[in-house]
Amino acid sequence: MKPSKFDHKTIEAKWRDRWEKEKIYQPDLENAKKPFYNLMMFPYPSAEGLHVGNVYAFTGADVYGRFKRMEGNDVFEPIGLDGFGIHSENYALKIGKHPMDQAKISEKNFYRQLHMIGNSFDWSKTLETYDPDYYKWTQWIFVKLFKAGLAEKRKAPVNWCSSCKTVLADEQVISGECERCGSKVETKELEQWFFKITDYAERLLQDLKKIDWSEKVVVAQRNWIGKSEGLVLNFDTDMGSPVEVFTTRPDTFHGVTFIAISPHHPLLNSVKSLSKDALEYVEKSKVIRSTSSGQENQKSKMEEKKVTGVFSGHYAIHPITKKKLPIWIADYVLMDYGTGIVMGVPAHDLRDFAFAKKYRLPIREVIQSSKFKVQSLEEAYEGAGKLINSGEWNGWEMPSELEKVFDWLEEKGFGKRKTNYHLRDWLISRQRYWGVPIPMVYCKKDGWQSVPESDLPVLLPYFKDFKPLGTGVAPLAQDEEFVKTKCPKCGGQADRETDVCDTFLDSSWYFLRYPSVGFDTFIFDEKITRKWLPVTSYIGGAEHSVLHLLYSRFITKVLFDLKFLDFYEPFPKFRAHGLLIKDGGKMSKSKGNVVNPDEYIEKFGADTLRCYLMFLGPFSEGGDFRDSGIEGMHRFLKRVWVLVDNQLDLKSDKEFDPVRSSLAKVPKGTRVSDTSETSNGIEAKELNREMNRAVKEITSDLENLRYNTAIAHIMEYVNEMSKFIRSTSSGQERQKSKLHHKYIKTLLLLLAPFAPFLAEELWEMLQVSKVPKVSKGKRLAPPDTSGTLGTLDTLDTSSVHLHPWPSFDDNELIEENFVIVVQVNGKLRGSITIDRKQLTSDKAVEEKAKVNPKISKYIEGKQIKRVIYVKGKILNFVI
RNA sequence: GGGCAAGUGGCGGAAUGGUAUACGCGGUAGUCUCAAAAACUACUGGUCGCAAGGCCGUGUGGGUUCGACUCCCACUUUGCCCACCA
């Protein structure tokens, strides 16, 4: 037989086709015995196509899914497109197409690419968020929230991006800039739809303890929710009403030297006697957020920051000392956190310090510090210490006795305990076109009414003037046909809401829909949902820590409370993967270093790309994409091909399982003198050990997503096999020895999650070579739920991907000889080899080490104080 | 300013208290070839030495331990996330 060529293109095309025909990745959703919902974050098909970063993420998730399938689970791995939203709309605008037309083009391209990467997707259950069959239920969720009192339209200062011409959720503003375009975000007073996610703040925080997520994501989410416990303190003023401040540091109460109010505070509207300067200042602040000034901000220290303020002309009274405290209006005070008013303690707060320094306000120290920086106006002291200048609190140790201060103030009636959260309500409306229409109707008589559920979906019309207006009104407002409707309550003339939903609402529930795709009488099929949800394993990027992952948890909890779901966490297990970078930097369109997977799949094949990406580094850390390495991976797969292919050519009479032949009792008199076979047998025992070791290591690596080391172990196993073949082959005619087929089968099984095409092709070739002219037509058995698809010793004709994962035997890992490292005073000095069969005692090991010439020269004539022996590992003489 | 992660060969990385640098890339030499490519084989942390072998070596300084890349303390650098959160 002529050696065949590793032709990745033909092989991959063949199996893509076959797998789909045989439906091997479509579990029977109704009858599956061991449902395993393997989910990855679906992509937004905005631009030129699939990003290699997507391939990285999807491959990592798929490797895990394939492994779990081989472990006997009914793995469901769906894929879809998060196609609504500003991403997609901006791209359509850029290339001059209508978003609805462009969506179809992108969809085709994305699905083509997603077919190429070798994932075991169930292609019968795809979904797109812009499909009316899908967004009907997005609207349904909106209606349910509205009816539950969790959605409301209210006027509030909101984040406005003048470039994207829409409002943004708090989570989409990064350091005062638009997450999408980087423009400076302004504050505008607008009437907007909000979801009251803050009602769920405590549960969202507490339930983090009940889920198994990557630690950094839990931390990020906890910080974002930002719980802080403090006191609300009252100060009497000469403004007609007292003011309330929120503080987590009541211990610095005696250090208060001024009060600062946010310029956005409504209280200022009712105060009559504000100075002209103050009034002007308040007006000016209404227009723009005069705060963060971009990158400049990051470098400058607090002191140099451009905080501004103005004296209001009014005073507050310190409740204990009765001193007059000037009330300032200052832009460093945020309206939407705490009470919008703070007590100024310049000695012990960086921001108060900067403000006091700028406007020459008094600084009063109340915590003793060893440094003199406060007095010398260098910086505030925020550290620990004893209280001073604090009346009866003098000498209290902070922060250990902070609770005493809380109690004291509460008992005396100066304040009340209060818990604050950083989390704000979810601003859901967008003044754009390409999104889910908010299913609400405004009637002059009846106010806001939700669209009756039977009238859903409210279809997004194919509207030509879809460009954002920038006036705070969505483009759909121009479409009279869309706007004019009847009030669901009174039947009178009414107007539809023309804003659309934030894209993150689309993605906050898609995992609930996948198993029920095609089910059109309800948001999901209850029976199927009970069986398949919550999601068994979720893998995705950490960049969604406070966006998608938080919103999904919120929506799930709401649906749980409304009794639609019987679980309240959507993703009990989530793992974040790292970021794939290119030549040391982030991949981005502006840098022009975005890698398109197509060319690599074309040149090397999906198997090579998959293995290469997974080998780069730990999956949770990400990796650096460099062209040089991918060649090496291709070389490795070719070596696997050649190794297996050569084996197929060999005559079976050369075949032997040396382990068996060495273990089996050889009848006396028959070829006992054949030393070569005996020595082969010994070596094969080592190969057998290597195989067991590889299975053991790779199994645990896969479970922990350590794909880089799993691949390294496969390589080591292949190296061992090559070495063995070389050492047992007869040289002259280059006749290779044939291995027992379990070695090859195990290799293919281990390789299958990483290189699914190659493994499948070689698997088939192996079967065909064993079973001449039989069972050609019926190769791929339908998924066998009995779980006994064959063992390593029997023939089986089904897909390698449906074959049980190989097991290992710890007994096979024991070596006959083991090496003990000998140290003197912890320094490596030599090693001794012990035969396990000799049942050496600890003392004997020690004696053997002592007489070893390499070691004896270090201990000769010295007194040995101590001997440390770690069984089978190390021996240390302390002299 | 806060939080998190990480500093190991020429490079990506492995080793989580016990032989540091597995596996791969790159490099050097060789086999094959008219030649090249591919493939295969050997070597590849630094340094001294003809060699045997020695010494040094996981960001820096200290500590714990018979023994530290690994644990503790301090410092430092880099990356990521957040940031006027009172």
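As the structure is a computational prediction, the values presented were derived from the model and not from experiment. Letters A, B, ... are given to chains in the order of the sequence lines, protein chains preceding strands, and every chain is numbered from 1.
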Counting primed atoms, P, OP1 and OP2 as sugar-phosphate and everything else as base, the B/S/- map of nucleotides 7-16 of chain B against protein heavy atoms under 4.0 Å is -----BSS--

Any side-chain donor-acceptor pair under 3.5 Å between His713(A) and Asp701(A)?
-> yes

So which nucleotide does A86(B) pair with, by the Watson-Crick or G-U wobble rule with both distances under 3.5 Å?
-> none

Strand partner of U16(B), provided both Watson-Crick or wobble distances fall under 3.5 Å = none

Can you tell me, in whole Å, how much space there is between the C1' of G49(B) and that of C73(B)?
-> 41 Å

Rounded distance (nearest 0.5 Å) linking atom OG1 of Thr709(A) with atom CD1 of Ile698(A) | 9.0 Å

Pairing residues for Glu543(A) by the salt bridge (Lys or Arg N to Asp or Glu O under 4.0 Å) criterion, not counting sequence neighbours = none

When we call it a touch if two heavy atoms are under 4.0 Å apart, what does Val821(A) touch: a base, just sugar-phosphate, or nothing?
-> base

Who pairs with Glu703(A) by salt bridge (Lys or Arg N to Asp or Glu O under 4.0 Å), at least two apart in sequence or on another chain?
-> Lys68(A), Lys573(A)

When the C1' atoms of G10(B) and U60(B) are considered, how many whole Å apart are they?
-> 23 Å

Donor-acceptor pair between Thr252(A) and His348(A) side chains, under 3.5 angstrom = no

Determine which nucleotide pairs with C32(B), using a 3.5 Å limit on both distances of a Watson-Crick or G-U wobble pair.
-> none

Remember a base hit wins even if backbone is also touched, and classify Arg424(A) as base, sugar-phosphate or nothing at under 4.0 Å, heavy atoms.
-> base

Just checking Gly632(A): base, sugar-phosphate only, or nothing, at a heavy-atom cut-off of under 4.0 Å?
-> sugar-phosphate

Could you write out each protein N or O paired with an N or O of nucleotides 38-43 of chain B at a distance under 3.5 Å?
residue	atom	partner	partner atom	Å
U41(B)	OP1	Arg726(A)	NE	3.4
U41(B)	OP1	Arg726(A)	NH2	2.7

Partner nucleotide, any strand, of U70(B) [Watson-Crick/G-U, under 3.5 Å] | none

Below 3.5 Å is the cut-off: list the nitrogen or oxygen pairs between protein and nucleotides 27-33 of chain B, distance only.
none

Can you tell me the Watson-Crick or wobble partner of G49(B), both distances under 3.5 angstrom?
-> none

With sugar-phosphate meaning primed atoms plus P, OP1 and OP2, does Val867(A) contact a base, only sugar-phosphate, or nothing at under 4.0 Å between heavy atoms?
-> nothing

Any residue meeting salt bridge (Lys or Arg N to Asp or Glu O under 4.0 Å) with Arg222(A), in chain and number order, not counting sequence neighbours = none

Which part of the nucleic acid, if any, lies within contact of Asn719(A), taking any heavy atom under 4.0 Å across all strands shown: a base, the sugar-phosphate backbone alone, or nothing?
-> sugar-phosphate

What integer distance in Å separates Tyr612(A):OH from G26(B):P?
-> 11 Å

Given the options Met715(A), Glu690(A), Glu686(A), Glu720(A) meets side chain to side chain contact (heavy atoms under 4.5 Å, CB included) only with Glu690(A)

Mind calculating the distance between CD (Glu716(A)) and C1' (U21(B)) to the nearest angstrom?
-> 13 Å

What residues form a ring-ring contact (aromatic ring centres under 6.0 Å, His included) with Phe406(A), not counting sequence neighbours?
-> none

Residues passing the ring-ring contact (aromatic ring centres under 6.0 Å, His included) test with Phe355(A), sequence neighbours excluded, are Phe258(A), Trp328(A), Tyr332(A), Tyr359(A)

Verdict with supporting geometry, Arg249(A) and Asp251(A), salt bridge (Lys or Arg N to Asp or Glu O under 4.0 Å) = CA-CA 5 Å; Arg249(A) 293 290 308 274; Asp251(A) 51 314; 3.1 Å; yes

Donor on one side chain, acceptor on other, Thr746(A) and Tyr717(A), under 3.5 Å = no

Indicate, with a heavy-atom threshold strictly under 4.0 Å, whether Ser831(A) touches base, sugar-phosphate, or nothing.
-> nothing

Residues at least two apart in sequence or cross-chain that pass salt bridge (Lys or Arg N to Asp or Glu O under 4.0 Å) with Arg424(A), listed by chain then number, are Asp170(A), Asp336(A)

Whole angstrom is fine here: how far is it from NE2 in His264(A) over to P in C84(B)?
-> 13 Å

Any idea which heavy atoms bring Asn719(A) and Arg639(A) closest together, and the distance?
-> OD1-NH2, 2.5 Å

Between NE2 of His265(A) and C1' of A86(B) the distance, given in whole Å, is 14 Å

Not counting sequence neighbours, list each pair that qualifies as a salt bridge (charged side-chain N to carboxylate O under 4.0 Å, His left out) and has a residue in residues 223-232 of chain A.
-> Glu202(A)-Lys227(A)

Nucleotide opposite G26(B) in a Watson-Crick or G-U pair, distances under 3.5 Å = U44(B)

Could you check how far CD1 of Ile698(A) sits from P of C23(B), rounded to whole Å?
-> 14 Å

For G27(B), measure the glycosidic angle (O4'-C1'-N9-C4 for a purine, O4'-C1'-N1-C2 for a pyrimidine) and name it syn if it falls within 90° of 0, otherwise anti.
-> anti

What's the closest nucleotide to the Trp224(A) side chain, out of U19(B), C82(B), A86(B)?
-> C82(B)

Of the nucleotides A20(B), A86(B), G3(B), which one has an atom closest to the side chain of Asn223(A)?
-> G3(B)

For Phe258(A) and A86(B), give me the distance from atom CZ to atom C1', rounded to whole Å.
-> 11 Å

If pairing requires Watson-Crick or G-U wobble contacts with both distances under 3.5 Å, which nucleotide is the partner of U76(B)?
-> G7(B)

Check each of Tyr707(A), Phe619(A), Tyr612(A) against Tyr56(A) using the ring pair (Phe, Tyr, Trp, His ring centres under 6.0 Å) test, and report the only one that passes.
-> Phe619(A)

Any residue meeting ring-ring contact (aromatic ring centres under 6.0 Å, His included) with Phe615(A), in chain and number order, not counting sequence neighbours = none

N/O contacts under 3.5 Å, protein versus nucleotides 66-71 of chain B?
residue	atom	partner	partner atom	Å
C66(B)	OP1	Arg866(A)	NH1	2.9
C66(B)	O2'	Asn876(A)	ND2	3.3
C66(B)	O2	Asn876(A)	ND2	2.4

